[in-house]
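Notes to accompany the following structure.
These numbers come from a predicted model, not from an experiment. Start at 1 with the first residue, then count along the sequence.
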Amino acid sequence: MARTFSPDDEEQLRQLHADGVSRNEIARQMGWAVGTITNHAQRLGLSFDREAVRAATDARQVDLKEQRQRGEQRLMEHFNRMLDRAQNRYLMHGFSHTGESVAEWLQEPPARETKDLTTAAVQALNAAVKLAQVDAGDSGREEARSMLGKLFTGLGEVLREQQAAEEGEGESP
């Protein structure tokens, strides 16, 4: 047998509405569909204040924007750390033929490590730009794409130069 909206349901709807509970939450608490709650609320002369919902939504959007900006900042810091590591001295660890631990400082990381560090930097930059695009208008997106394209080109050139230099070092005279 189908369930009907009883006078007790009407009273509970009035009480929850008076308490400022949202339409979706009322439906969840009462076990009815949102549409059913909407129809009975209208019949009872109850309205749900869209301004309060809009204000809450706006506040949530501000919070999310702030979180994206913090994430963007952290990604840019990671980007800079990875580039610094790719371009600075590198401590190489290994073992000698007798099994002793050996460490040697190199002027820069070997090609593979440089590539890995540069790739990590580019991924962090790409993620930071995507976060920035969420809050930017069309002009901001174009500006970010242009900046990213120039940066990828520059990083690619640096990586090719480092690989060429390492290959040149490996050749015998």
When you compare the side chain of [Y] with that of [X], does any pair of heavy atoms fall below 4.5 Å?
{"X": "F5", "Y": "M30", "result": "yes"}
{"X": "L125", "Y": "L75", "result": "no"}
{"X": "M82", "Y": "R85", "result": "yes"}
{"X": "W32", "Y": "I26", "result": "no"}

query: More than 12 heavy atoms of other residues, nucleotides or ligands under 6.0 Å from CZ of R23: is that the case?
result: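 Count over threshold, so yes.
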Going by atom type alone, with no hydrogens or angles, which donor-acceptor pairs under 3.5 Å involve a side-chain atom of residues 116-124 and a protein atom two or more places apart or on another chain?
unit_1, atom_1, unit_2, atom_2, d
T118, OG1, T114, O, 2.7
T119, OG1, K115, O, 2.8

Where is the tightest heavy-atom contact between [X] and [Y], given as atom of each residue plus distance?
{"X": "Q29", "Y": "V21", "value": "NE2-CG1, 4.3 Å"}
{"X": "P110", "Y": "M92", "value": "CG-CE, 3.4 Å"}
{"X": "D135", "Y": "R68", "value": "OD1-NH2, 2.5 Å"}
{"X": "A86", "Y": "P109", "value": "O-CD, 3.4 Å"}
{"X": "T4", "Y": "D9", "value": "O-OD2, 3.6 Å"}
{"X": "Y90", "Y": "E113", "value": "OH-CG, 3.1 Å"}

Regarding [X] and [Y], do their side chains bring together a donor and an acceptor under 3.5 Å, going by distance alone?
{"X": "H40", "Y": "R43", "answer": "yes"}
{"X": "E77", "Y": "Q73", "answer": "yes"}
{"X": "D8", "Y": "Q12", "answer": "no"}

- prompt: Given the rule that I, L, V, M, F, W and Y join up when any side-chain heavy atoms are under 4.5 Å apart, are V102 and L106 in one cluster?
  reply: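 They do not share one cluster, since no chain of ILVMFWY contacts under 4.5 Å joins V102 to L106.
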Spacing of [X] atom [atom1] and [Y] atom [atom2] [to the nearest 0.5 Å]:
{"X": "L46", "Y": "I37", "atom1": "CG", "atom2": "CD1", "answer": "10.5 Å"}
{"X": "L16", "Y": "E11", "atom1": "CG", "atom2": "CD", "answer": "10.0 Å"}
{"X": "H17", "Y": "D19", "atom1": "NE2", "atom2": "CG", "answer": "10.5 Å"}
{"X": "L131", "Y": "M76", "atom1": "CG", "atom2": "CE", "answer": "11.5 Å"}

- request: Take V34 and T38 through the test side chain to side chain contact (heavy atoms under 4.5 Å, CB included) and record every step on the way to the result.
  value: CA-CA 6 Å; V34 174; T38 300; 4.1 Å; yes
message: Between the side chains of E66 and R70, is the shortest nitrogen-to-carboxylate-oxygen separation below 4.0 Å, so that they form an ion pair?
response: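 Answer for the salt bridge query: yes.
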task: Would you please test F95 and E100 for side chain to side chain contact (heavy atoms under 4.5 Å, CB included) and show each step?
output: CA-CA 5 Å; F95 294 95; E100 295 178 49; over 6 Å; no
task: Tell me, please, which residues at least two apart from S47 pass side-chain contact (heavy atoms from CB on, under 4.5 Å).
output: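 Counting only residues at least two positions away or on another chain, S47 forms no side-chain contact (heavy atoms from CB on, under 4.5 Å).
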